[in-house]
Amino acid sequence: MIVVGGTCSQKLSNALVECSGWKMAGLEIRRFPDRECYVKINDNLDGEDVVLVQSSYPDDNIIELFLLQDAISRFDTNSLTTIVPYFGYARQDKSFKEGEAVSARNMAKHIGLISDKIYTIDIHNISMMDAFGKPGSNLSGMRQIGKYLAAEGVDVVLSPDAGSKFRASVAAEAAGCGWDFLEKTRIDDSTVEIKPKNLDVEGKCVAIVDDIIATGGTIIKAAEQLRIHGAKRIIAACTHGLYTGDAIPKLEEACDVLISTDTLETNTSKISMASVINESLI
Ligand code: R5P
């Protein structure tokens, strides 16, 4: 197998090469003066099983992903597996209001066009995997997050909403502790409300786990509830750390620890998804 690592998934691609022993393809990726993307693959991929790793976020990286797929398809490869560590646009997975684009399905359809298999990681809504139109599967970082939390001495894992409770249960199982969930209502793009709930977290180390942290609003509201109930230590953990605007300083004020995986490469990416990808491909 040979790995083609896109610009926004360099750290993860290198970790994958390290743990799998596969080769890394040489690439030239740059921007023209008008910011259009130029892509060239410097190794011969004829007869190779190619693994392309590139998140579809933000928009520039989606274009790069499409161009990398096109460049790969010009070789006589044996297969192309596209790994989209963070699948952007995933949250617009239906038409919430009349006239809206169903962005997640549209993006998936296009990513699936030039690929034999597709892998995502903790996709926001797993029921839309069929939109890629190709076989593949959705991997999860929750077991890895759970193992990290176990080493931090976590007592209980919470999800901020019912939709994410299966993630809390997987992380808690790996951490060897119990789990629960909160009830979230989204008011607008950057405002959420978390319903007060009786929580047995007095003096405990509590982790809040989610697929995505974007504005940080969800985690900050959840952390407020945990402080009210006397939590001793709060760990915020997510698969995809988007951290828009001033999310990081606000989260650092609200929580004691902030961690994410390397699906998006940030200072909080303490957990690598390389071994999970490796295991799913061998
Ligand atoms: C939404 O349902 C997701 O699972 C996350 O809870 C959400 O995207 C987090 O966004 P934010 O950090 O902006 O509250």
Side-chain angles (χ1 to χ4, degrees), residues 55-59 84-97 100 102-105 107-108 120-129 138-146 149 157-172 179-197 206-227 234-261 263-269 271 273:
S55 286
S56 57
Y57 173 87
D59 289 4
V84 190
Y86 172 62
F87 174 62
Y89 288 95
R91 287 169 290 176
Q92 185 73 22
D93 54 3
K94 60 181 178 194
S95 215
F96 296 92
K97 293 181 197 151
E100 284 179 348
V102 184
S103 316
R105 298 195 81 83
M107 288 297 158
T120 55
I121 300 175
D122 285 319
I123 194 167
H124 183 63
N125 179 353
I126 197 167
S127 75
M128 57 134 306
M129 286 300 288
N138 178 57
L139 310 175
S140 178
M142 287 300 142
R143 289 200 68 75
Q144 270 55 34
I145 288 176
L149 295 175
V157 178
L158 291 180
S159 81
D161 53 40
S164 235
K165 64 183 180 185
F166 68 98
R167 297 193 179 99
S169 73
V170 174
W179 64 276
D180 201 343
F181 67 97
L182 300 165
E183 279 178 55
K184 174 175 98 175
T185 310
R186 182 160 287 284
I187 311 296
D188 59 35
D189 291 350
S190 52
T191 321
V192 296
E193 268 175 16
I194 301 266
K195 244 191 187 172
K197 177 176 178 178
V206 187
I208 317 162
V209 298
D210 212 345
D211 56 338
I212 300 167
I213 300 180
T215 64
T218 299
I219 296 290
I220 290 164
K221 286 286 174 194
E224 278 170 15
Q225 285 299 316
L226 295 177
R227 295 280 183 219
I234 299 175
I235 303 172
C238 65
T239 308
H240 315 295
L242 259 69
Y243 308 130
T244 60
D246 56 355
I248 291 202
K250 284 185 183 163
L251 285 157
E252 282 173 347
E253 203 182 315
C255 307
D256 300 289
V257 179
L258 176 62
I259 54 151
S260 64
T261 75
T263 58
L264 293 169
E265 293 163 10
T266 73
N267 290 340
T268 71
S269 304
I271 300 163
M273 292 306 298

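The figures that follow rest on heavy atoms only: side chains count, while hydrogens, waters and symmetry mates do not. Just follow the structure's listing: the first ligand is 1, and inside any ligand the first atom is 1. Keep in mind it's a predicted model, so treat the numbers as computed, not measured.
Around the NZ atom of K221, the shell of radius 6.0 Å holds no more than 12 heavy atoms that belong to other residues, nucleotides or ligands. The local environment of CD in E224 is crowded, with over 12 non-hydrogen atoms from other residues, nucleotides or ligands closer than 6.0 Å. Other residues, nucleotides and ligands contribute at most 12 non-hydrogen atoms within 6.0 Å of the CG atom of N267.
Between E253 and I220, every side-chain heavy-atom pair lies at or beyond the 4.5 Å cut-off. For the pair T261 and I121, the minimum side-chain heavy-atom distance is 4.5 Å or more. In this structure, R143 and V170 have side chains that are in contact, with non-hydrogen atoms separated by less than 4.5 Å.
Proximity to T215 (heavy-atom distance under 4.0 Å) selects the following atoms of ligand 1: 11 (P), 12 (O), 13 (O), 14 (O). Close approach to G217 involves these atoms of ligand 1, each under 4.0 Å from a residue heavy atom: 12 (O), 14 (O). Near D211, meaning under 4.0 Å from any of its heavy atoms, are these atoms of ligand 1: 3 (C), 4 (O), 5 (C). Using a 4.0 Å cut-off to heavy atoms of D210, the atoms of ligand 1 that qualify are 4 (O), 5 (C), 6 (O).
With hydrogens and angles left out, the side-chain atoms of Y86 and D211 include no donor and acceptor closer than 3.5 Å. For T268 and S260, the side-chain atoms include at least one donor-acceptor pair closer than 3.5 Å.
Of the N or O atoms in D189, none lie within a sub-3.5 Å distance of an N or O in ligand 1. At a 3.5 angstrom cut-off on N or O pairs, A214 counts as close to ligand 1.
In terms of protein heavy atoms, atom 14 (O) of ligand 1 is closest to T218 OG1, 2.5 Å. Considering only non-hydrogen protein atoms, atom 1 (C) of ligand 1 sits nearest to H124 CE1, 3.5 Å. In this structure, atom 10 (O) of ligand 1 lies nearest to the protein heavy atom R186 NH2, 3.5 Å. Protein heavy atom at the shortest distance from atom 8 (O) of ligand 1 is R91 NH1, 3.0 Å.
Across all non-hydrogen atoms, the minimal contact from S140 to D122 is OG-OD1, 2.8 Å.
For K221, the closest heavy-atom approach to ligand 1 does not fall below 4.0 Å. Within the 4.0 Å heavy-atom shell around ligand 1 one finds G216.
For atom 9 (C) of ligand 1, the choice among N125, I208, I212, D161 with the nearest heavy atom turns out to be I212.
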